[in-house]
Amino acid sequence: MANQKSEAALLKKVWDIANVLAAAGVGFTDYITQLTYILFLKMDEEKEELGLNSTVPEGYKWKDLAGLNGTDLVEKYEEILRELSKDEGLIGTIFTRATNKIDRPVMLAKVIEMVSEENWYMMEGDFKGAIYESILEKNGQDKKSGAGQYFTPRALIQAMVEVVDPKITETVADPACGTGGFLLAAYEHMKNQSKDIEKQQFLKNNALFGADNTSLVVTLASMNLYLHDIGVNKSPIAYQDSLIDTSDRMFDVILANPPFGTRPQGSVEVAVNRPEFVKTSDNQVNFLQHIMSIVRKDGRVGVVLPDSVLTDMGPTEKVREKLLKDFNLHTILRLPTGIFYANGVKTNVLFFEKGKPTKEIWIYDYRTGIKHTLATKPMTRAHLQEFVDCYCVGHQQDRVATYSIDNPNGRWRCFTEEEVSNADNLDFKWIDLEEKDERTVAEILRDMQEESDSIAAAVERLQTLLGGIEV
C-alpha cells in the first residue's frame with residue numbers, strides 16, 4: 001500500500017521501544033510477548049471498524065484498554081489477559097497462559113501508543129508477516145533469553161522445504177514448531193501451486209499443524225501464522241507435549257528441528273504414554289520415533305538431528321535400525337556449526353520416506369572445511385544451492401555424484417546398500433581437507449565473545465532456576 005511506512009521504519013519503532021523497556025528491566029522476549037497480545041487486540045478492533053465480526057468478547061477489547069493510564073491501565077490489561085487465556089479457540093491459543101510482564105504503567109502505555117499509531121489489519125499479509133518474522137529473528141539472537149533454541153535459520157528452512165516439496169493438497173506438521181518457521185515456509189511454498197478456491201481454503205485452514213509445550217512459543221507461532229492470514233478462525237498451533245501425544249492424527253509431510261538433550265526432570269516419562277517406543281531419555285531420539293509414528297505411508301520427512309542419532313549405540317541404534325528397515329533414508333545433509341543461535345552441537349538433516357526400506361544413502365557434506373558465524377558470515381540460502389541442485393527434486397533417479405576418484409573432495413556422494421549395511425554407524429566422512437582457520441583476529445575475538453556471552457547467559461538462567469544460588 002502506498003501510504004504504508006516501510007518495514008525498516010516500523011522495525012525501528014519496535015526496537016526503540018525494546019531499548020526503553022530493556023533499560024527498565026523488561027527483556028526482549030517478554031516485550032515481544034506483550035506486543036503480540038496488544039497487537040492482536042488492535043487488529044481485532046480494526047476488523048470490527050470495517051464491519052467484520054470481532055472475536056474478542058465485550059469488556060475485553062482494545063477500546064476497553066485504550067485511553068486508560070496508571071494502575072487502571074495495568075489492572076485492565078491483566079484482566080483482559082486472564083479472561084482471553086480461557087478461550088478455547090484462536091484467542092485462547094494466542095493468549096496461552098498469558099501474564100503481564102510490563103508492570104510499570106508508563107512502559108505499558110508506550111507499547112500501546114506505538115501499536116495504536118498503525119493500521120495493522122489492512123497491511124498486506126506478507127508485509128506485516130515480514131515485520132513479525134524480523135522481530136522473532138531478533139529475539140532469537142538474544143542470548144540472555146535463550147530464545148535461539150526456538151528459531152531455526154530461515155536459509156536452512158527454505159532449502160529443506162524446497163527439497164521435501166509439500167503439495168497444496170497435502171498436510172504438513174511440525175511437532176516441535178517453535179515460532180512456526182517451517183509451517184510458514186511450507187505455506188509460502190504451496191500457496192502459488194493452485195488458484196483453486198477449495199485448495200486455498202484447505203491450505204489456510206486445514207493443511208498445517210504445529211505443536212509446542214512452551215506457552216510463550218505457542219503464542220509467538222500462532223501470531224506469526226495469524227499475521228500471514230493463516231488460521232484466522234482457529235490456530236493450527238497446539239499447546240501440547242508431542243512426545244506424550246497419543247492421538248491417531250497422521251500427516252503427509254513432517255518438517256522439524258526438535259529439541260536435543262535429555263528430557264527435563266519432572267516431565268511425564270515418554271515410555272509411560274508411548275510403550276511402543278524404544279525406551280530412552282534422549283529428546284532427539286524420542287522425537288524421531290514420534291515423527292516416524294505420525295507420517296503417513298509414502299509420506300516425506302525432513303528433520304534436523306544431532307550426530308548422536310547417527311552414531312550412538314544402545315536404544316539409539318535400535319531406533320536407527322527401525323528407521324532403515326521401515327523407511328527410505330535416502331539423503332543426509334551434514335551441517336556445519338555456527339549456523340544456530342544455540343552454539344556447538346553438530347547436526348544433520350535427515351530426509352526419509354515411509355513404507356520402503358533404505359537401500360542407498362546420498363550424503364551432502366556441507367560441514368568439512370565450512371566456516372560460518374552468526375555475526376560475520378551467516379549461512380544464506382545461496383550457500384545451500386548446490387545441495388538443492390544435487391538433490392534433484394522430483395527426479396531423484398537422475399542424481400549424479402560430485403565425488404569421484406578424480407574429485408575425492410566432492411561434497412555429494414552415494415553410499416551403496418552394501419556400504420550402509422556394513423557400516424558401524426551412519427556418520428560417513430570422506431572429504432580430506434586441511435581445515436585452516438581463516439578468520440581475522442577481530443573475527444576470532446568476536447566469536448570468543450559470543451561463546452563467553454552464551455556461557456554467561458546459561459549460568460544466569462541456571463542461577464534463576466536455582467533461586468539465585470551462587471554456582
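Since we're looking at a predicted model, the values are computed, not measured.
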If the threshold is 4.0 Å, N to carboxylate O, is there a salt bridge linking K76 and E79? yes

By side-chain hydrogen bond (donor to acceptor under 3.5 Å, both in side chains), Y187 pairs with (sequence neighbours left out) none

Sorted by chain and number, sequence neighbours left out, side-chain hydrogen bond (donor to acceptor under 3.5 Å, both in side chains) with T347 holds for none

Among V319, V301, D326, the one residue meeting side-chain contact (heavy atoms from CB on, under 4.5 Å) with M292: V319

Checking side chain to side chain contact (heavy atoms under 4.5 Å, CB included) for the pair M190/L208: CA distance, chi angles, key distance, verdict? CA-CA 11 Å; M190 294 187 285; L208 307 178; 4.0 Å; yes

Residues passing the side-chain contact (heavy atoms from CB on, under 4.5 Å) test with E317, sequence neighbours excluded, are M313, R320, E321

Run the side-chain contact (heavy atoms from CB on, under 4.5 Å) test against R97 and tell me which residues pass, sequence neighbours left out. S215, Y239

NZ/NE/NH1/NH2 to OD/OE distance under 4.0 Å, K42 and D44: no

Side-chain contact, heavy-atom cut-off 4.5 Å: Y364 with I332? no

Candidate pair E360 and V420, rule side chain to side chain contact (heavy atoms under 4.5 Å, CB included), full reasoning: CA-CA 7 Å; E360 61 189 24; V420 172; over 6 Å; no

Holding to ring pair (Phe, Tyr, Trp, His ring centres under 6.0 Å), I want the full list of residues that pass it with F352, two or more places apart in sequence or in another chain. F327

side-chain contact (heavy atoms from CB on, under 4.5 Å) test vs V56 passes for just one of K61, K47, E48, namely K61

Would you indicate whether the side-chain heavy atoms of E78 and E83 approach each other to under 4.5 Å? no

Please report the C-alpha distance between N348 and L310 in whole Å, then the side-chain angles of each, then the deciding distance to 0.1 Å, and finally whether the side chain to side chain contact (heavy atoms under 4.5 Å, CB included) criterion is met. CA-CA 9 Å; N348 313 267; L310 302 180; 3.5 Å; yes

For residues 390-398, run the donor-acceptor check on the side chains, cut-off 3.5 Å, and write out each pair with its distance to 0.1 Å, sequence neighbours left out.
residue : atom : partner : partner atom : Å
H395    : ND1  : D398    : OD2          : 3.1

Do the side chains of D307 and R334 get close enough for a salt bridge, i.e. N-O under 4.0 angstrom? no

Quick one: closest heavy-atom pair of F287 and P258, and the distance? CG-CB, 3.5 Å

Side chain to side chain contact (heavy atoms under 4.5 Å, CB included) evaluation trace for L108 with I38: CA-CA 10 Å; L108 182 58; I38 293 166; 4.0 Å; yes

Show your reasoning for whether salt bridge (Lys or Arg N to Asp or Glu O under 4.0 Å) applies to K167 and D165. CA-CA 6 Å; K167 304 301 184 185; D165 191 25; 2.6 Å; yes

What pairs of residues pass the salt bridge (Lys or Arg N to Asp or Glu O under 4.0 Å) test when at least one of them lies in residues 272-291, not counting sequence neighbours? E269-K279, R274-E276

Using 0.5 Å steps for rounding, measure from the OG atom of S242 to the CG atom of N283. 11.0 Å

Set of residues satisfying side-chain hydrogen bond (donor to acceptor under 3.5 Å, both in side chains) with respect to E419, sequence neighbours excluded: T416

Under a 4.5 Å cut-off applied to non-hydrogen side-chain atoms, are Q284 and L288 in contact? no

With respect to I80, which candidate in Y60, W62, Y37 satisfies the side-chain contact (heavy atoms from CB on, under 4.5 Å) definition? Y60

Please round to the nearest 0.5 Å and tell me the distance separating atom OG1 of T358 and atom CG of L329. 5.0 Å

Would you please name every residue forming a side-chain contact (heavy atoms from CB on, under 4.5 Å) with K356, sequence neighbours left out? none

Just checking, is any N or O donor in the side chain of N273 or T246 under 3.5 Å from an acceptor N or O on the other one? no

Would you call the rings of W412 and F387 parallel, tilted or perpendicular, taking 30° and 60° as the class edges? perpendicular

Can you name the residues that form a ring pair (Phe, Tyr, Trp, His ring centres under 6.0 Å) with F277, not counting sequence neighbours? none

Could you tell me which non-hydrogen atom of P336 sits nearest to which non-hydrogen atom of I339, and how far apart they are? O-CG1, 3.7 Å

Sorted by chain and residue number, the side-chain hydrogen bond (donor to acceptor under 3.5 Å, both in side chains) partners of E353 (sequence neighbours excluded) come out as none

Contact list for residues 188-213, test ring-ring contact (aromatic ring centres under 6.0 Å, His included), sequence neighbours left out: F209-F251

Would Q34 and D30 count as a side chain to side chain donor-acceptor pair (under 3.5 Å) here? Give the steps. CA-CA 6 Å; Q34 306 308 308; D30 288 337; 5.8 Å; no

